[in-house]
Amino acid sequence: MESMLNFLERLAEYVMLSFANLPWFLLGLSSGWFLFRLLSAFLPVKPRRSWRIGLIFSLSVISGLIIWLADTNLLFTLIAFVPLLMLTSKGDPTGRLAVTVIFFCLIMPVNAVLDTYYAPAMAHFGLDNVFYLTDKFIRPGVWCLLYLTVRKRLPERPPQLSPRFWRLVLLLAAMPLSSLLAVVLLPLLQLDYIYSDSLLHGLIMNLGVAVLPFVFLTALALLYAILVLEEHERLEEADRLASLRESYYQGLRREENQLRTLRHDLRNHLTALRGLVETGEEGKALQYMDQLADSPALRGGRRLCENDAANAVLAAKAEAMGRTGLTADFTVSLPKALPLAEVDLCALLGNAVDNAMEAAEQAEDKTVLLRCRAEKGLFMLRVENAYAGELSPDLATTKADKAFHGFGLAGMREIAERLGGSLETRAGGGRFQLVVCLPLDGGGSSVMGVSAYSSPVTASKN
């Protein structure tokens with residue numbers, strides 16, 4: 001309890017001194033601003049201005065706290081730092097916690113080195129005033145230099161990793177955090193002997209010199225690892241999309257070959273039908289005609305819209321639904337080019353249909369209704385299906401094929417929010433409906449200038 005009171009007293013003293021001298025306050029605030037710029041590149045901060053201003057101020061205070069070896073300040077700072085960043089951010093909780101731990105391991109070693117090593121060194125030479133002056137410049141200088149060094153490599157938006165990768169990053173972040181806590185807090189067990197035993201004191205100081213830079217560099221390496229993992233996932237998704245499109249085009253080639261074969265044999269089919277009719281075997285003639293009508297070449301192509309990526313995903317889903325006894329009621333009107341990343345487009349369509357299929361398989365009504373179009377500067381998607389029993393809270397699929405699906409409603413909502421749109425769901429009376437609306441950067445004219453093609457897989461019931 002006494003340690004907590006001392007920590008609060010130091011924190012209040014730092015804040016009051018900062019406010020008392022406006023130039024120093026602004027200089028300290030610059031530390032928070034540079035840290036915020038670094039942090040917001042990896043952590044999706046809530047958009048409200050009040051959250052952002054509060055976070056900048058809090059980072060300014062935290063980056064100026066006194067951290068000594070064998071002191072409880074680090075523990076109390078951690079207790080305040082984690083809720084602060086979790087409260088002011090949004091997105092995957094595991095990812096937010098991982099980034100929070102990494103930035104804690106980035107900021108605290110700088111504070112500890114300055115307060116534990118630089119301050120006593122200056123005091124030893126009677127330069128306390130020089131320390132207090134230079135310390136106020138060094139802290140923002142460190143974060144300014146780091147920001148300017150990595151600015152061009154910072155991502156345009158916070159990285160989005162799959163849950164398994166975020167868990168991996170969090171596990172890796174626990175190692176520098178453990179090292180930091182150990183080197184700062186474990187000496188507390190021998191606090192009575194640290195300053196009386198010069199050998200023990202020297203050992204702890206040497207340990208800090210070795211561990212604190214390691215923690216700082218490891219935190220930087222983990223931030224870089226996050227960017228590498230996101231690029232790896234992006235390439236994997238692009239490869240899956242390419243495979244899906246190749247499968248779709250192979251299907252088109254098979255249909256074209258079947259159609260050519262049917263045309264080549266058409267004269268023979270007509271001769272056979274004529275023979276059956278002339279011999280009075282109308283029943284066999286009708287059966288023969290039914291067989292011809294059921295030929296894959298006469299079922300019609302699976303071209304649902306002009307957009308190749310959307311067409312590949314929805315055609316594959318429609319074919320899968322046919323194999324499982326579901327009815328695909330798709331009406332799609334999308335232009336060939338859309339100002340949306342193909343990975344995001346396919347993830348939205350694939351996840352929405354997969355979740356609808358999974359629910360419809362258990363319901364009496366086996367129809368999955370999908371309406372998708374782009375007009376007046378908006379991308380609009382509506383998927384409706386019946387369901388039986390209770391819905392999963394996150395609507396996460398349990399299917400084995402995880403390509404472009406499997407992350408449930410949370411993943412689709414993340415895409416919609418990141419692209420500045422909305423995702424709404426409605427459930428009741430045994431029916432579930434998902435509606436996605438996204439703004440298109442090109443505006444309505446560029447989209448409407450493309451000739452859209454609408455082809456329902458089955459006749460619409462509406």
Side-chain angles (χ1 to χ4, degrees), residues 236-262 293-338 340-361 366-375 379-385 397 399-406 412 415 434 436 438 447 450-462:
E236 276 191 342
E237 290 176 347
D239 182 64
R240 287 196 293 265
L241 175 59
S243 300
L244 192 59
R245 294 174 70 170
E246 178 62 23
S247 175
Y248 166 71
Y249 288 127
Q250 290 293 343
L252 289 182
R253 292 191 189 101
R254 287 194 299 269
E255 290 181 0
E256 184 179 359
N257 291 333
Q258 291 170 349
L259 186 58
R260 287 177 179 175
T261 302
L262 181 62
D294 196 45
S295 171
L298 295 179
R299 291 177 190 167
R302 293 176 294 174
R303 191 72 184 179
L304 307 179
C305 66
E306 292 185 359
N307 187 276
D308 291 336
N311 204 61
V313 172
L314 293 178
K317 301 305 177 186
E319 184 177 349
M321 292 172 67
R323 292 195 301 265
T324 57
L326 300 176
T327 302
D329 184 1
F330 293 176
T331 301
V332 187
S333 179
L334 295 177
K336 187 173 182 63
L338 274 174
L340 295 177
E342 288 187 345
V343 169
D344 290 333
L345 175 64
C346 294
L348 283 173
L349 295 173
N351 275 276
V353 175
D354 277 315
N355 291 329
M357 288 171 59
E358 196 167 343
E361 286 176 356
K366 303 294 184 180
T367 300
V368 173
L369 182 144
L370 180 143
R371 300 290 182 264
C372 185
R373 68 184 187 274
E375 62 181 23
F379 169 88
M380 289 164 283
L381 169 67
R382 179 168 66 94
V383 179
E384 185 175 334
N385 61 274
T397 183
K399 293 182 179 296
D401 178 16
K402 301 296 181 183
F404 297 114
H405 61 81
M412 288 184 280
I415 293 176
L434 180 143
V436 177
L438 305 176
V447 174
V450 181
S451 176
Y453 175 76
S454 177
S455 173
V457 175
T458 63
S460 176
K461 299 179 181 181
N462 296 340

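Take Ala341 and apply the side-chain contact (heavy atoms from CB on, under 4.5 Å) test, not counting sequence neighbours, and it matches Asp344. In this structure Ala356 satisfies the side-chain contact (heavy atoms from CB on, under 4.5 Å) test together with Val368, Val383, Asn385, sequence neighbours excluded.
Looking only at distances, a side-chain donor or acceptor of Arg371 sits under 3.5 Å from a matching main-chain atom of Asp329. Judged purely by atom type and a 3.5 angstrom limit, Asn351 uses its side chain to pair as donor or acceptor with the backbone of Ala347. Side-chain atoms of Lys366 do not come within 3.5 Å of backbone N or O of Gly325 as any donor-acceptor pair. Checking side-chain atoms of Asn307 against main-chain N and O of Leu334 turns up no donor-acceptor pair under 3.5 Å.
Taking OG1 from Thr331 and CG from Leu370, the interatomic distance works out to 8.0 Å, rounded to the nearest 0.5 Å. To the nearest 0.5 Å, the span separating CD1 on Ile415 from CG on Leu438 amounts to 9.0 Å. Between the CG atom in Leu349 and the CE atom in Met412 there is a gap of 10.5 Å [rounded to 0.5 Å].
Ion pair Glu384/Arg382 flagged as a salt bridge, since at least one NZ, NE, NH1 or NH2 atom sits closer than 4.0 Å to an Asp/Glu carboxylate oxygen.
Contact between Met357 and Ala320 at its shortest, heavy atoms only, is CE-CB, 4.3 Å.
Residues Phe330 and Cys372 are not in side-chain contact: their nearest non-hydrogen atoms beyond the backbone lie 4.5 Å or more apart.
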